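A short write-up of the structure that comes next.
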Protein chains: 2
Amino acid sequence: MIAFDLSAGAAQQALSPAGIEFDAQEARARYATAVWCQLIEPGDSVAGRIIGARGPVAALEAVLADGEFPELTPKELVDARKRWLPRLSAGAVAGSLAAAAARGVTLLTRGDPDWPTQLDDLGAHAPLCLWVRGDASALRRLEASVAVVGARAASHYGDHVARELAAELAASGIAVVSGGAYGIDGAAHRAALRAGGLTVALLAGGADRAYPAGHTQLIDDVARRGVVVSEVPCGAAPTKWRFLQRNRLIAALSAATVVVEAGWRSGSLNTAGHAAALSRPLGAVPGQITSATSAGTHRLIREYGAQCITSADDVRELLGMPGETDAAAPGDGAYTGDATRVKDAMSTRVWRDATEIARRAGMAADVVGGILGLLALDGAVESGIEGWRLARIGG
Amino acid sequence: MIAFDLSAGAAQQALSPAGIEFDAQEARARYATAVWCQLIEPGDSVAGRIIGARGPVAALEAVLADGEFPELTPKELVDARKRWLPRLSAGAVAGSLAAAAARGVTLLTRGDPDWPTQLDDLGAHAPLCLWVRGDASALRRLEASVAVVGARAASHYGDHVARELAAELAASGIAVVSGGAYGIDGAAHRAALRAGGLTVALLAGGADRAYPAGHTQLIDDVARRGVVVSEVPCGAAPTKWRFLQRNRLIAALSAATVVVEAGWRSGSLNTAGHAAALSRPLGAVPGQITSATSAGTHRLIREYGAQCITSADDVRELLGMPGETDAAAPGDGAYTGDATRVKDAMSTRVWRDATEIARRAGMAADVVGGILGLLALDGAVESGIEGWRLARIGG
């Protein structure tokens, strides 16, 4: 039995800096969730399973009381307790709650109406809660959303494409989700903000701290006009593990994922992998095969069935939305078929009669006559007393 | 009944400039084939059907005698006669045979041992014969071959990629087939020649005339060290129709087709369409989505199932040949899994014991101990009396 105060009073006390009053039951649930955030790393499916089965309070009480967990194997339980208990600290939890309150970061739990239910597709790996800076209700409006992600060390080309795609998508009401990083992520957030659209940044560290520090202003802007989200508590550092787990949230929160640029082993391939594992549509922007920053996107197209994305319309198609333009099929138009053979046999200078044109074209004269009539209607050929000739363009 | 001398004597007379003697039957067959080449345009399936059924001599005799063709509908026969007969000219046939002999262009017919039988996949649209400059026997050695085609107005990038791919493929024994045009085609031929490999140019006009004229030297080089091929007789002009039909030969002759660069309506999409219709593997090289010369290749990848080609290895894979490198899966290596969490919890400066590392990593201490042992074997961490730290790279 480990001593830890999970009473309503202690919970209400720890939650008080946020200035919102919760009834006893709600306060205990929120406090226990904040404690769990401190104990576990993102994606801990053992915690996910017992909290899913019992709720955060009962699950935590059972852990503290060294209780039975028939849903776990003995080894799972022993290992989990060894992972979790060394981190148990009421002070650390109170500190993260105070930091959250100070920075306007609110705690969003699964029962909240703003909870983005698409995250539940992650099953036992779903986050317990989200720490949110900005308009949490925006998280309910992500049916039309796309993760625009990619290399930190983006090329000028990648940066340009990320901006163009994000601006056009955001302007047309599609939310742009990304990771707040340098390179592609930052370009996408910035363009979406500039287009007056919704953008969501998912951070690997606490939502109270901007990472990278050079993006402090950008992440503040995203929080003010969109929303900044993390599953780790305020004060938590962005470790590599948390980056990888944050990527699963980017993929799960968005209706589709598009990788703009990525090196052969880029972290954005990890986001793409999560999108594929969730059966969310995946797209990748091609680039020059001589460019190292496109090696990863080509790999996604070749080996992982990513759609080749060349425009915002292609992204809309990925989302199952109708495109804005409808292109004609290749090979149609002026350069195939009998009309081509007839025009090949004609001249812009010399008048020829239909029989001569037919002979040159190797076609029956009556067929050629019909085609000449149609071409004349199109203005492509002209007739005179000496026969037919090709119309001079602009002449 | 149309008067035309198809006797063995007339045939041997017309074929004599080539300096090869043919027996009566062979001479008549070759001469009739040369006559047919004069009468029809490439891909004439009515001619293909009756010649396939009766052979060139009997088919031509029946046409001249206004005979019955139970294999054709009355309208097909009437239309065909109107197409063919205005072109009948013994003088024109003799002229094309003399031009062929003068330029070293030989006539390859279906019965010849050098006939590339993969062309028969075109069915009734297969060419009746080929006019060949260079080493006709090379046409039997195209099991490992790839059509490298693309825009005439290639970009610097496309030109570079065509050269690199063709050089590497040709050097590894894969024949490079193309159309002799400016841009991608020329770059591919040139690189294949320079690499000492086999290259084949298919021309839309007669094999005796270089088109474009600016490629006279290149096409001569291809003829000298590889082979130049056309299905139209010597002296025939390269019309748009013949370009389109020539494209079907490029696709049919090659084991796979790769489009390096193509505009949205490029003629190389037509070659790609023929490859797809023949169920030959199709690849396309991606480029920047802002480049008009890659719009067509992206379209092939998006809409026509073309494989995204990023290297000569990818082309070998398209041909069903083993690649030369075997890449590891994305996301493997150093940046996932428990080892990442352990390393995240460590420092290159500060020594920490396993318990402290486990607490920081949120993992069980015994698991961390095992991982530290493995990392030490790899040289990624080092142990001392105060615990563990990350190895300094190169330190």
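Here the structure is a predicted model, which is why all the values come from computation and not from measurement. First the proteins, then the strands, lettered A, B, ... as listed; each starts at 1.
For A295(A), no part sits under 4.5 Å from any heavy atom of chain B, backbone or side chain. Neither the backbone nor the side chain of A345(B) has a heavy atom closer than 4.5 Å to any heavy atom of chain A.
Residues of residues 78-88 of chain B that come within less than 4.5 angstrom of chain A, heavy atom to heavy atom, are D79(B), K82(B), R83(B), P86(B), R87(B) in numerical order.
Contacts of T297(A) classified as side-chain hydrogen bond (donor to acceptor under 3.5 Å, both in side chains), with partners at least two apart in sequence or in another chain: none. Judged as a side-chain hydrogen bond (donor to acceptor under 3.5 Å, both in side chains), and not counting sequence neighbours, the contacts of D314(B) are R302(A), T310(B), S311(B). Qualifying side-chain hydrogen bond (donor to acceptor under 3.5 Å, both in side chains) partners for R360(B), counting only residues two or more places apart in sequence or in other chains: E356(B).
Here the closest heavy-atom approach between residue I289(B) and residue I309(A) is recorded as CG2-O, 3.7 Å. Between W241(B) and T340(A) the shortest heavy-atom distance is N-CG2, 3.9 Å.
Note that CZ of R341(B) is 5.0 Å distant from CD of E41(A), once rounded to the nearest 0.5 Å. Atom CD of E303(A) sits about 10.0 Å away from atom SG of C308(B), to the nearest 0.5 Å. Summarising the geometry, atom CD belonging to Q307(A) is positioned 10.5 Å from atom CD1 belonging to I301(B); distances are rounded to the nearest 0.5 Å. We find the CG-CZ distance between D344(A) and F243(B) to be 10.0 Å, quoted to the nearest 0.5 Å.
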Run the numbers on Q288(A) and Q288(B) for side-chain contact (heavy atoms from CB on, under 4.5 Å), then give the verdict.
CA-CA 6 Å; Q288(A) 297 190 339; Q288(B) 296 191 339; 3.6 Å; yes

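Remark: Y157(A) OH is packed, more than 12 non-hydrogen atoms of other residues, nucleotides or ligands lying under 6.0 Å away.
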